[in-house]
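Comments concern the structure below.
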Amino acid sequence: TDLRDHLAQVDQPCLLIQGRQDALMPVEAALRCAAALPHGRCEILESCGHAPLLSQPQRCAELIRRTRVSDQAKHRARKKAVRTAFDRAA
């Protein structure tokens with residue numbers, strides 16, 4: 001099923017990890033998908049094919065960890081901004 005038309009509706013941070021030598025999904029397709037996601041990002045791994053999680057698990061884990069930490073920091077900043085706005089309005 002082709003869900004590309006629905007990517008703009010995804011309101012969550014999304015990290016796409018793509019192998020440069022992926023024979024099944026071209027890098028350009030992954031980049032287009034990431035661009036269609038409101039909070040999408042694509043990381044291209046060199047010397048990697050279709051299964052980056054299997055061929056470069058440590059690199060993938062680090063990318064996921066960094067993305068998660070960054071997303072948590074953004075979430076905390078948004079919560080603080082909302083609290084500040086409510087405090088000012090009160």
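Among residues two or more places apart in sequence or in another chain, the side-chain contact (heavy atoms from CB on, under 4.5 Å) test is passed with Cys14 by Val10, Leu37. For Asp11, the side chain to side chain donor-acceptor pair (under 3.5 Å) partners two or more places apart in sequence, or in a different chain, are His39. For the side-chain contact (heavy atoms from CB on, under 4.5 Å) test, residues two or more places apart in sequence or in another chain that qualify with Arg66 are Arg59, Glu62, Leu63.
To the nearest 0.5 Å, atom CD1 of residue Ile17 and atom CG of residue Leu15 are 4.5 Å apart. Taking SG of Cys48 as the start and CD of Gln18 as the end, the distance is 8.5 Å to the nearest 0.5 Å.
Counting only residues at least two apart or on different chains, the salt bridge (charged side-chain N to carboxylate O under 4.0 Å, His left out) pairs with a member in residues 23-42 are Arg41-Glu43.
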Between side-chain atoms of residues 80-90 and protein atoms elsewhere (two or more places apart, or another chain), which donor-acceptor pairs fall under 3.5 Å?
| from | atom 1 | to | atom 2 | distance (Å) |
| --- | --- | --- | --- | --- |
| Thr84 | OG1 | Lys80 | O | 2.9 |

Can you give me every donor-acceptor pair (side chain of residues 49-56, partner residue at least two apart or in another chain, under 3.5 Å) with its distance?
| from | atom 1 | to | atom 2 | distance (Å) |
| --- | --- | --- | --- | --- |
| His50 | ND1 | Asp22 | OD1 | 2.9 |
| His50 | ND1 | Asp22 | OD2 | 2.8 |
| Ser55 | OG | Ala51 | O | 3.3 |
| Gln56 | NE2 | Glu46 | O | 2.9 |
| Gln56 | NE2 | Ser47 | O | 3.4 |

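Among all heavy-atom pairs drawn from Leu45 and Cys60, the shortest one is CD1-SG, 3.9 Å.
By the 4.5 Å side-chain criterion applied to Ile, Leu, Val, Met, Phe, Trp and Tyr, Val27 is assigned to a cluster that also includes Leu31, Ile44.
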